[in-house]
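Right, one structure below, let's go through it.
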Amino acid sequence: MAYDLSERLVIGLASSALFDLEESDRVFREQGEASYRIYQRDNENKPLSTGVAFPFIKRLLSLNELSPDNPPIEVVLLSRNDPETGLRVMKSIEHHELGITRAIFLQGRYPHRFIPALNISLFLSANRQDVDQAILAGHPAGQVLSSGDLDLTDEEELRIAFDFDGVLVTDESETIYQKQGIEAFHAYERANAQIPPAAGLLAVFLRKLAHIQMLEKQREEETQGAYRPKVRVSIVTARNAPAHERVIHTMRSWGVTVNEAYFLGGIAKEHVLGIIKPHIFFDDQASHLSATSDILPSVHVPFGQLNQGLGVSEEGAARSGFSPPGESSL
C-alpha cells in the first residue's frame, strides 16, 4: 500500500534551511562545479553544522512520538544537488538523528513542482528564487533568513509565531491600509469583522498544526497529565483594536485556537518576539524581519503587493540549471 501523505503535516525542506552550507557555497562560487563535487566527496563523512531551521525541524519531528506507527509529520528533503553531491546532506541528517528518510535530488531543477504532489503545507529554503517561484505558483513557501541565534537546547516546547496579513490570510486588508491609510483600514475591518478574509499561503499549515495540538490534548487526557503539550502557537500582528476582532473571528471560523495573540498597533515586533522566543517566526514584510532575524529564526513569506518587484521575474523563474549550494540553490 502506498504511503499516504494526505492526512499528515508535510514540510518540504531545502538543505540550505536545515544546515550551514556557507563553506560549501564558497567552494562552488570560487572554484566551480568540478571542485565542489570533489570537495563534497572528500567531506562526505564530515557532518554539516546545523542551520537556521534545524531547531524548528528537530522539535517538530519529535512530535511523531504521538503516533510512531502512523506518524503525523513528514519532512521531505527537496535538494537542487544531484544524488552524489547530496549524499553528504543525507549522512548529516543521519548524524544529527533527524527522522528524515525521504528525499528528492534535482540537479539544479526548481523544486516547487513537487509541492502539490507531496501534499506539502510549507516549503522552506534559503534560496529566494526557489521561494519566489513557489509563491508565483500559489504554493506555501518561505525564505529562511540568516540568523546568529539558534536554540539548540534540549527544551522540548516548540514555539511558532505568525504574522496575520499576507501570511495566514491574503493582503486584502493590508492593501487598503497601504493605499488609503489607517482610518480607512479600521473602517473596513469594523464593517467586515465577522467575515474571514481569504485564506493565505500558510493557512493550511496552521490548521495542520492545530490538528497536532488536538492530538497532544488527547495524549494529555489519556495519560492524566503525564504528557505535556509541546506546541505553542502565537499570532504577532501590527493590528490593534478594532482590527483585532476579525483575527479572532477568522481563527474561530477555521476551528483554530491559538495560544497567544499580540495586537501591537505599530509597536516593534522584535520587542515582544525577543521575550516569547519562537523557534520560527513567519512574516511577509522584510522590514519587520530585518530586526527579528538578528535575535531568532525568521522566515520571509514574499507574498502580495508589498513584495512585488522584489523577487525574481516569471521569466527568470522559468530558467533552470545547476547552481551553487548554500543560499544560492539548495
Side-chain angles (χ1 to χ4, degrees), residues 3-11 13 18 50 52-75 93 96-101 119 121-122 124 149-164 167-168 196 202-237 244-245 247-264 269 271-282 295-299:
Y3 187 70
D4 185 13
L5 294 172
S6 61
E7 299 301 319
R8 306 180 202 276
L9 168 56
V10 184
I11 306 295
L13 190 68
L18 189 61
T50 56
V52 175
F54 184 93
F56 163 64
I57 293 296
K58 181 179 180 180
R59 287 175 171 84
L60 189 68
L61 285 168
S62 74
L63 295 165
N64 279 334
E65 70 177 2
L66 292 166
S67 179
D69 295 332
N70 186 26
I73 295 158
E74 183 69 36
V75 177
I93 286 171
H96 290 287
E97 299 181 339
L98 295 176
I100 301 174
T101 62
N119 201 47
S121 298
L122 175 66
L124 293 176
D149 192 296
L150 301 183
D151 181 0
L152 299 176
T153 66
D154 293 329
E155 178 191 21
E156 292 187 345
E157 187 172 75
L158 171 58
R159 296 180 294 276
I160 303 172
F162 298 91
D163 182 26
F164 186 68
V167 176
L168 296 178
L202 268 58
V204 171
F205 175 49
L206 176 63
R207 290 170 180 166
K208 293 207 170 185
L209 282 175
H211 176 69
I212 300 297
Q213 289 183 302
M214 183 193 70
L215 295 178
E216 287 202 290
K217 288 179 181 177
Q218 290 175 353
R219 174 63 64 85
E220 184 179 30
E221 292 170 0
E222 291 168 358
T223 63
Q224 297 181 329
Y227 177 89
R228 301 191 65 179
K230 300 176 183 178
V231 180
R232 194 163 185 87
V233 176
S234 305
I235 292 177
V236 182
T237 173
H244 71 295
E245 188 173 344
V247 176
I248 294 169
H249 285 297
T250 299
M251 295 298 104
R252 187 178 295 168
S253 73
W254 291 355
V256 171
T257 301
V258 298
N259 301 99
E260 303 172 14
Y262 300 86
F263 300 105
L264 299 180
K269 292 182 179 181
H271 296 327
V272 166
L273 290 164
I275 295 172
I276 64 177
K277 294 187 180 300
H279 297 102
I280 199 160
F281 169 57
F282 299 91
I295 59 173
L296 55 93
S298 300
V299 176

Do E260 and R232 sit within salt-bridge range, that is, some charged N less than 4.0 Å from a carboxylate O?
yes
Is the shortest distance from a Lys or Arg side-chain nitrogen in E65 or K230 to a carboxylate oxygen in the other one below 4.0 Å?
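A salt bridge is present here (some side-chain N lies under 4.0 Å from a carboxylate O).
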Minimal non-hydrogen separation, [X] against [Y], with atom names:
X    : Y    : result
N64  : P72  : OD1-CD, 3.1 Å
S121 : V204 : OG-CG1, 3.7 Å
L124 : A53  : CD1-CB, 4.4 Å
I248 : F263 : CG1-CZ, 4.5 Å

L60/L9 under side-chain contact (heavy atoms from CB on, under 4.5 Å): CA gap, chis, key distance, verdict
CA-CA 10 Å; L60 189 68; L9 168 56; 4.2 Å; yes
Between E7 and N70, do the side chains contain an N or O donor and an N or O acceptor separated by less than 3.5 Å?
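Per modelled atom types, E7 and N70 side chains form no pair under 3.5 Å.
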Can you check side-chain contact (heavy atoms from CB on, under 4.5 Å) on L66 and I212, steps first, answer last?
CA-CA 9 Å; L66 292 166; I212 300 297; 4.3 Å; yes
I280 pairs by side-chain contact (heavy atoms from CB on, under 4.5 Å) with which of L296, L158, I160?
I160
Partner of Q213 by side-chain contact (heavy atoms from CB on, under 4.5 Å), out of V256, T257, V258, V233
V233
Nearest 0.5 Å please: distance from the [atom1] atom of [X] over to the [atom2] atom of [Y].
X    : Y    : atom1 : atom2 : value
L202 : K208 : CG    : NZ    : 13.0 Å
Q218 : M214 : CD    : CE    : 4.5 Å
E216 : E221 : CD    : CD    : 12.0 Å
L98  : L13  : CG    : CG    : 9.0 Å
I275 : Y262 : CD1   : OH    : 8.0 Å

side-chain contact (heavy atoms from CB on, under 4.5 Å) between H271 and L264: does it pass, once the steps are laid out?
CA-CA 10 Å; H271 296 327; L264 299 180; over 6 Å; no
Could you check if a side-chain atom of [X] sits within less than 4.5 angstrom of a side-chain atom of [Y], using non-hydrogen atoms only?
X    : Y    : answer
I276 : V236 : yes
I57  : H96  : no
R159 : N259 : no
S67  : L215 : no
L18  : I100 : yes
M251 : I235 : yes
R228 : E157 : no

Students often mix this up, so state it plainly: with edges at 30° and 60°, are the rings of F162 and F282 parallel, tilted or perpendicular?
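Geometry flag for F282 against F162: parallel rings.
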Heavy-atom donor-acceptor pair, [X] side chain to [Y] backbone, under 3.5 Å:
X    : Y    : result
T223 : Y227 : yes
R8   : D4   : yes
R207 : W254 : no

Should L168 and T250 be marked as a side-chain contact (heavy atoms from CB on, under 4.5 Å) after you check the CA-CA gap, both sets of side-chain angles, and the distance that decides it?
CA-CA 10 Å; L168 296 178; T250 299; over 6 Å; no
